[in-house]
4 protein chains.
Amino acid sequence: MDQEQPAREACGVFGVWDDPEAAAKTYFGIFALQHRGQESAGIACTDGKEIRRHRGMGTVGAIFADEQVLAKLTGRGAIGHVRYSTMGASLLQNAQPLVANTQWGTFAVAHNGNFTNGPSLRARFEAAGAIFQTTTDSEVFLHLLARAGGSDDPAERIAAACREVRGAYSLLVMTPGLLVAARDPQGFRPLWVGRTAEGKFAFSSETPSFDLTRIQPLYEVPPGTLVVVDAAGARQVQFAEPRPAHCVFEHVYFSRPDGVIYGDAVQEVRKALGRQLAREHPADADIVIAIPDSGNAAAMGYSQESGIPLEQGFIRNHYVGRTFIQPSAASRTLSADLKLNVVRSAVEGKRVLVVDDSVVRGTTARRRCHYLREAGAREVHLRVSCPPIKSPCFYGVDFQSKGELMAAVHTIEEMARIMEVDSLGYLSVEGMLAVLSNPASSYCTACWTGDYPVPIEEGMSKRSCGE
Amino acid sequence: MDQEQPAREACGVFGVWDDPEAAAKTYFGIFALQHRGQESAGIACTDGKEIRRHRGMGTVGAIFADEQVLAKLTGRGAIGHVRYSTMGASLLQNAQPLVANTQWGTFAVAHNGNFTNGPSLRARFEAAGAIFQTTTDSEVFLHLLARAGGSDDPAERIAAACREVRGAYSLLVMTPGLLVAARDPQGFRPLWVGRTAEGKFAFSSETPSFDLTRIQPLYEVPPGTLVVVDAAGARQVQFAEPRPAHCVFEHVYFSRPDGVIYGDAVQEVRKALGRQLAREHPADADIVIAIPDSGNAAAMGYSQESGIPLEQGFIRNHYVGRTFIQPSAASRTLSADLKLNVVRSAVEGKRVLVVDDSVVRGTTARRRCHYLREAGAREVHLRVSCPPIKSPCFYGVDFQSKGELMAAVHTIEEMARIMEVDSLGYLSVEGMLAVLSNPASSYCTACWTGDYPVPIEEGMSKRSCGE
Amino acid sequence: MDQEQPAREACGVFGVWDDPEAAAKTYFGIFALQHRGQESAGIACTDGKEIRRHRGMGTVGAIFADEQVLAKLTGRGAIGHVRYSTMGASLLQNAQPLVANTQWGTFAVAHNGNFTNGPSLRARFEAAGAIFQTTTDSEVFLHLLARAGGSDDPAERIAAACREVRGAYSLLVMTPGLLVAARDPQGFRPLWVGRTAEGKFAFSSETPSFDLTRIQPLYEVPPGTLVVVDAAGARQVQFAEPRPAHCVFEHVYFSRPDGVIYGDAVQEVRKALGRQLAREHPADADIVIAIPDSGNAAAMGYSQESGIPLEQGFIRNHYVGRTFIQPSAASRTLSADLKLNVVRSAVEGKRVLVVDDSVVRGTTARRRCHYLREAGAREVHLRVSCPPIKSPCFYGVDFQSKGELMAAVHTIEEMARIMEVDSLGYLSVEGMLAVLSNPASSYCTACWTGDYPVPIEEGMSKRSCGE
Amino acid sequence: MDQEQPAREACGVFGVWDDPEAAAKTYFGIFALQHRGQESAGIACTDGKEIRRHRGMGTVGAIFADEQVLAKLTGRGAIGHVRYSTMGASLLQNAQPLVANTQWGTFAVAHNGNFTNGPSLRARFEAAGAIFQTTTDSEVFLHLLARAGGSDDPAERIAAACREVRGAYSLLVMTPGLLVAARDPQGFRPLWVGRTAEGKFAFSSETPSFDLTRIQPLYEVPPGTLVVVDAAGARQVQFAEPRPAHCVFEHVYFSRPDGVIYGDAVQEVRKALGRQLAREHPADADIVIAIPDSGNAAAMGYSQESGIPLEQGFIRNHYVGRTFIQPSAASRTLSADLKLNVVRSAVEGKRVLVVDDSVVRGTTARRRCHYLREAGAREVHLRVSCPPIKSPCFYGVDFQSKGELMAAVHTIEEMARIMEVDSLGYLSVEGMLAVLSNPASSYCTACWTGDYPVPIEEGMSKRSCGE
């Protein structure tokens, strides 16, 4: 993956109900989901009467660096959210959870995904006199909850709202009296139910965020279903017929390798993709190296299948973070990659096969292959453990616009020439789907095939999390 | 390596002379040495007349986050320093480079190492009326430079000072007119000479810090030698007979794997240590995993030699940094490791062989092996790619006191029991030295053997960088 | 005035239209209105297409301390707001200007005052499905602007909204195409029209905020009137019959002494109040001193009328600000007033007459009179240049609740005893009104007389700025 | 006084011994001395064994804003220091108290004044091999304390050091075992002894800093004398013959009006200067106004003597502080004085007599008189309550260099023309001295007369506090 302009994920959500450490668990929960969004984060907490929220721009660690902040989020119910990075502090208003005061009480919403009918719903509400405070499509969900009429039961209001939105949504909705997890009929994005050591319910985008606080993963929220947790316990409400179209890119890149989604262990899938890649695109090479960390597992799979020894060709610098500001006074002198440095002793004089999980714009891959050659690699062969990305995503992944998707406008041969590699091989769509447990029809492959399982509304923002 | 209480390195130094981007290059230079010290950092810069310095507590990125700071460090000569982490902002006065105004002009000093005769030198100067501003032993070097008498040639004063100090020192000394690199007769710590793209001279503790700014590594400063750079060019001055005793722990843990020290590529050495470890301590295991990142290369070597497949058993969380403050309100709920999470799918039901580079106190290793078992590992075998650490270091490594060195007070069997592993194997001293290029006699093995190449003065601080 | 728990003002507003330095002028404008609110501040700016806003907790200087912030607020129209101090960063959402995206476009609103029918309007909108993001009553104005139906001319929508709200409001409303100033029919709070050196229009709560940027005060916005400024120039629209009820407390305490409101120069009014006070409540005293700075002008008037010499009895410490945090470790040792220190040489052995502008809870006055006596004053006579405050304000002043208004529950004699003064005199309502230029009937005296010119709705928040 | 480039004072010192709240009292003590220096501040504290120090750039409130900082300064002895404002964070090393570790133990020093033989002492020590860490002359005192030989009794070492320095010094020196206050033979700067409520000893530059913590002023440290406080109690040691030459500028401007120095109450002196000024320089004017706050007392005296009524012609903005950064984006629009605004209603159409305490460069006075005229003043007469300042100060006041002292290069008539005032009058030296209690010969008038009571060494920095 192009680490300087990576595909950006559709946020991450976490929640827990009836737990004396609700905010603290949510803090660790969203901390472990930080890879799904580093632009902003927030936690909303309820004590059964009010909902208090803290959100900010930046990483979870920075936003909650002041101990007092978390200490003030008292109560037994909490939801949290991380959001991907864009620029500008002025977007604090877009940070989630969103909170709204309505005649039906207060609602907090954390949304991972993208409503494909957001624009028309927004227009409908605006015409009726509604005010919008954010530029996210998530806000229409609040207006659906707040509108006049309908049941005064919060769970029924949430189900009714879910029936009106289209597209991708793994949602957590909290009121002072309940916590609801809702997943769209396609199950585009992952959403797990877990159980705390004390037997209470928790929800998260990914299972590794359960590990830090000893929450047991139970099952994935079924597509088209709400899981409602309140004083009476938990219950499932199916609000729509499931028509699974799980995002495969979660397996390829987004999700943590130590988790399980759609029934498959992510790291195992990635190794299998690497093995399949070795079968589809073998090469005469001396060593296999990964672009760390996104290509690690696939490179391991490629090495195992091909028998070409695995080496560590790049060293990752762990001190480049969001706090690292590259002074303009210093930038002219910089002639290499701050994040990854080539291990000259490993690659010098070698025919190097580099494995990455995906290529979006190609500029970073090109630069890194160049550094390998500068360090003495005799040949550089690039292997990519997913098919060429040719179409934008409208379900929560922020790929660059079509014009910036290298594979949308170039042939494989052209791309090999542009990136200056001796050979280039992408995994096939069929090969990719073959390593997954579920039927091929239950996955979304739109970004590779252009085949969109849910129609896109004119004027829709392609941005995830509604922005 | 125990990552929560790791052995702490003896700082890192970087310098460049007669370069229009001196401060910027030094900034990137010490940034790439950040692993050698995260407590404090600083840069001193000279425009040929004055020496300006900025230093602070924390990481290089944080200290120089304000662009103005670097912009004010104008001039063509610069030296920088990073220092390891202790607690307390009150120690800003100990941050380096140290700067002193004397009758001989202004000197800036950056020191990696530990003067074993620091206490007696300090007492001598105090008796003569000197004032000490820091609690570091590095400060005695300034007093040696400032003292009355001797040559008024700065290089000669530096050579004379070097002849009076004992122990470990890779030093950079800068005046408005020259830059000097000095390395102790034992060459305990690494120190490189490099050449910029424009043909100017640079110095650094490690070669990877040259890569970012296109500096070519030339050679290591010979033990007992000064390299003097000034308007006349560069020249070497041997001030003492070399008696090499290079620190092997630099290869085992401290130095970056993408560099070369004492003539050997670090990653190649680590893989060779892993291969030797496999020969000395084989095991019936299903998979080999590393403690990332310190055990990565050795695990790779072990896997290659033993034929047991390498797997990724732990995922590292890149968002735990110095900015991550663990709220006390949140800590009770935490039940796992913030930095490393086990990949359940990789280890469940397996006989797991774990490779780490070293074990100091054993508490972290114990905890991590425990998590492996919780995640379903059937057996856990621990292999350590260096011998048991039994003695403190007085040459610049901050090992815990002897009482805290697990191997100083326990047998291998006891340690296996304490860490609850099914088997435990450490590399032998002979095996370790065998993989290195230089004669065994040219290395310091004091922390493993108790055999100290330079005598230790009574009352000496064991702390590195003089603290 | 009790400076530790002062009556808190109803915010301040400033705006300018069609000026290339709109944000900068607004910055200085609200800086000069800082005394009207130190809790939060904000500026919204339009470039004719979008509205950008920056707001924060704290003082204007702190919120805009980063130059980049102001530099990003480009455009030729701007409005700004300061808000009084309460506690808690969580109230950032209440900071103004408020901004709303509606079907009629984007509106920014800055409000000084209090809608007395805020609760019922809010209930009406909530019943129709509206979402509220703040706890301020100012937000209902946005919903009135956004509602379905009505004219699509922004100025007409603003006039229509003004006809529905009751109570106190000096409002600035900005869209990308115009800037409107609106003042309630009672003209409770001041609101000025000014003209820049370039002939453009500006608005402000008080005239001194014009002085910093060479804006000429023109006239006060007439009660019940809008002043609309757009590309066509400026025009007045009377939306309601004026029924003046100007707040006299603006003269007594809130407004800056270097300004003019309701046609009278504030400092002249204060001196006249002091002179009238001397006539109503003479005393045998050696010196007259003021509680600085709020009592300065009245004390000067008292001295002039009575012939008793004016002395400086207290010295104000200018370094106690919002950035001054009193460490709890230090607080036990503190035995005097951080802000005002007694000038012993001035008061020792004297019969001291102290003039303050008002007394709310009486605790600070009591303490200060005590310090005078500790410093050797023989007698302490307290004179207050307004009548006893007995009733809460619902038009934008945050007096403590009725139970905390000293004069609401105590007689003059009791108050003199409680504050331990030798005599106590308050100005009469008639005496106060007599020094003003307009007819007595055109002022609001509710806090002294309980005679409310606009009825109060059940459940109304007494807080200013809608909170 | 020219408030934008005011004469800068020679720092302020405060100390207390054997008090359980030593650091907290010192915190409030230096807070109340903040007017004597806003560049940096610090506190050193001892628990009888070690000396801990915290210092920083900025105001006392900002430096100690983090409660933890003060909480860590435990112990029963403390000294504090404030230093005037210059630019640049790089001067943190110059902030006091200075602390030195020597063979005689640890010493902390806080210095108000200027050693006139600092350069030669510094040269002497440098020649002997000493290192200097600051650019202040205060540091030579540490070297005098540290030097070899002499008594090992700290008080005797301090007395011996005092006998070697020349010029102005009100010094506090602390070791773990004692606290010493020392004042130069001329008594240039004030220095008080006080007694806490518990009967312990305290020291301060000015008495108002005692008021906050209920310390009783006892007497001023006699010139040429040490007051030593240790476990045995307090004792006085005369180390030199007193030859008083008290700085009159302390009365004119520097010292707080609520204090007493050299036996006279400051505010009474200032009023008397104003009365004398009225006698020397009467005028036909309608009102007297002060430049607040420095001219307040003199204006009051002038009004009383002349019978011309006192008015408030300027309003001071209390929100302009060090935290107020004037954005460059905003500066072009600024056309008036951020700190003082003219009260138009007070001055319009009037013949205005303005009283200020002193004029240094004349630019601010000129600008303010201009604003008065812009606001409608018919005539502007300037009266200055001290003589024309013609010579630099070498005893601790930072007047601009001689070339910038307006009165050094212009006649009264020229100055009146430059400042565009209708008349200009300065107090005479004789008139000034006549209002003071001590004989005229016991004051230093060098800045007015050029008559220096202690000879100045070639090359001496004119800067106070040694910089």
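In what follows, chains carry the letters A, B, and so on, assigned in the order in which the sequence lines appear, proteins first and then strands, with residues in each chain numbered from 1.
Contacts of B:Val99 with chain D are made by backbone atoms alone, with heavy-atom separations under 4.5 Å and no side-chain atom involved. With a 4.5 angstrom heavy-atom cutoff, D:His54 does not touch chain B via any of its atoms. With a 4.5 angstrom heavy-atom cutoff, D:Ala100 touches chain B via backbone and side-chain atoms both. Residue contact with chain B, scored on non-hydrogen atoms closer than 4.5 Å, involves the backbone of D:Thr134 exclusively. Of the atoms belonging to B:Ala130, it is backbone heavy atoms, and not side-chain ones, that fall under 4.5 Å from chain D. Looking at D:Ala127, both its backbone and its side chain come within 4.5 Å of chain B, counting heavy atoms on both sides.
Inter-residue side-chain proximity for B:Leu98 and D:Gln133 is flagged as unmet; no heavy-atom pair is nearer than 4.5 Å. With contacts defined as side-chain heavy-atom distances shorter than 4.5 Å, the pair B:Gln103/D:Arg122 does not qualify.
With values rounded to the nearest 0.5 angstrom, B:Ile131 atom CD1 is found 7.5 Å from D:Phe132 atom CZ.
Each ring pair (Phe, Tyr, Trp, His ring centres under 6.0 Å) pair with one or both residues in residues 144-173 of chain B, not counting sequence neighbours, appears once here: B:Phe115-B:Tyr169. Annotation: salt bridge (Lys or Arg N to Asp or Glu O under 4.0 Å) contacts involving residues 143-154 of chain B, sequence neighbours excluded, comprise B:Arg147-B:Glu164.
Among D:Thr106, D:Leu142, D:Asn101, D:Leu145, the residue making the largest number of heavy-atom pairs under 4.5 Å with chain B is D:Asn101.
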